[in-house]
Amino acid sequence: FYFDFSKPIDQIFSQGEPSRFDMRYTYPDKILQLRLDGKIDWDELHFSNRVSVCQNRYADKFYAMLRSEVGAKPVQ
């Protein structure tokens, strides 16, 4: 499942693979179930070594904001 906040409020939650995304996390079913059961928190879920992250290039303004937060120089 995924969330797309650019859609109308009644269409934000969707099932399947999104056609576009900034960042996608893939969770193993057992680790996700631990989170859903409340046995681990979101940080433990996201930082598990069995979670994969796929990141697309961010929109320019959002990427610039991220870089400024970590003190990196803007990309020209």
Side-chain angles (χ1 to χ4, degrees):
F1 64 90
Y2 64 93
F3 302 94
D4 184 345
F5 294 105
S6 67
K7 292 185 176 185
I9 191 74
D10 61 340
Q11 298 174 13
I12 289 174
F13 180 79
S14 299
Q15 184 175 355
E17 186 171 328
S19 58
R20 58 185 174 75
F21 58 89
D22 287 328
M23 186 174 288
R24 181 181 67 206
Y25 288 81
T26 303
Y27 306 106
D29 58 347
K30 290 179 183 178
I31 300 223
L32 181 58
Q33 189 63 53
L34 289 173
R35 172 61 199 121
L36 296 174
D37 291 342
K39 294 179 180 176
I40 62 173
D41 64 21
W42 284 107
D43 285 341
E44 290 173 295
L45 174 65
H46 290 314
F47 294 111
S48 166
N49 62 2
R50 294 180 17 213
V51 171
S52 68
V53 179
C54 180
Q55 180 176 343
N56 282 341
R57 185 172 186 272
Y58 287 108
D60 291 338
K61 289 181 182 177
F62 185 68
Y63 186 66
M65 181 274 303
L66 288 176
R67 292 184 60 78
S68 71
E69 289 296 317
V70 297
K73 293 181 181 177
V75 176
Q76 299 292 332

*asked:* Going by side chain to side chain contact (heavy atoms under 4.5 Å, CB included), name the residues that satisfy it together with K39, two or more places apart in sequence or in a different chain.
replied: L34, D37

*Can I40 be reached from L36 by stepping across I, L, V, M, F, W or Y side chains whose heavy atoms are under 4.5 Å apart?*
yes

_For a quick test of reading the model, state the closest non-hydrogen atom pair linking L45 to V51 and the distance between them._
O-CG2, 3.1 Å

_Nearest non-hydrogen partners of R50 and I31, listed with the distance_ = NH2-CG1, 3.8 Å

*Set of side-chain hydrogen bond (donor to acceptor under 3.5 Å, both in side chains) partners for E44, sequence neighbours left out*: none

*With sequence neighbours excluded, residues passing side chain to side chain contact (heavy atoms under 4.5 Å, CB included) with I12*: F3, F5, I9

*Mind checking side chain to side chain contact (heavy atoms under 4.5 Å, CB included) for S6 and listing every partner two or more places apart, or none if nothing turns up?*
D4, R20

_Spatial distance of atom CG (L32) from atom OG1 (T26) [nearest 0.5 Å]_ = 11.0 Å

*Could I get the full list of side chain to side chain contact (heavy atoms under 4.5 Å, CB included) partners for Q15, not counting sequence neighbours?*
none

